[in-house]
Amino acid sequence: RTSSGALRLEAVQVSGATSSGRLPGWREFDLMQIADVRVLDAEFALDPGFDRDAPRYGNGVLAMA
């Protein structure tokens with residue numbers, strides 16, 4: 001949740017179309033704008049840049065590897 005109360009998803013994008021830089025890379029997504037979600041049969045390693053104890057995750061973590 002942002003300081004204004006918006007629900008955001010922070011994730012590492014590993015494939016697909018992007019105009020936000022190179023992949024893999026961290027992205028923030030507005031949860032209210034997500035219209036379709038597909039669960040893939042894929043495995044991935046936890047990104048070394050992830051810090052569960054960072055202040056930005058003070059409201060919790062939905063999921064992690």
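The first residue in the sequence is number 1, and the count goes up from there.
Considering all non-hydrogen atoms of both residues, P24 and V12 come closest at CB-CG1, 4.0 Å. Minimum heavy-atom separation, L31 to R8: CG-C, 4.1 Å. Closest of all the heavy-atom pairs between R27 and G21 is NH2-O, 3.3 Å.
For CG of D36, the number of neighbouring non-hydrogen atoms (other residues, nucleotides, ligands) closer than 6.0 Å is greater than 12.
When hydrophobic clusters are built by joining Ile, Leu, Val, Met, Phe, Trp and Tyr residues whose side-chain heavy atoms come closer than 4.5 Å, directly or via intermediates, F29 is grouped together with L7.
In this structure, L23 and V14 have side chains that are not in contact, with every pair of non-hydrogen atoms separated by 4.5 Å or more.
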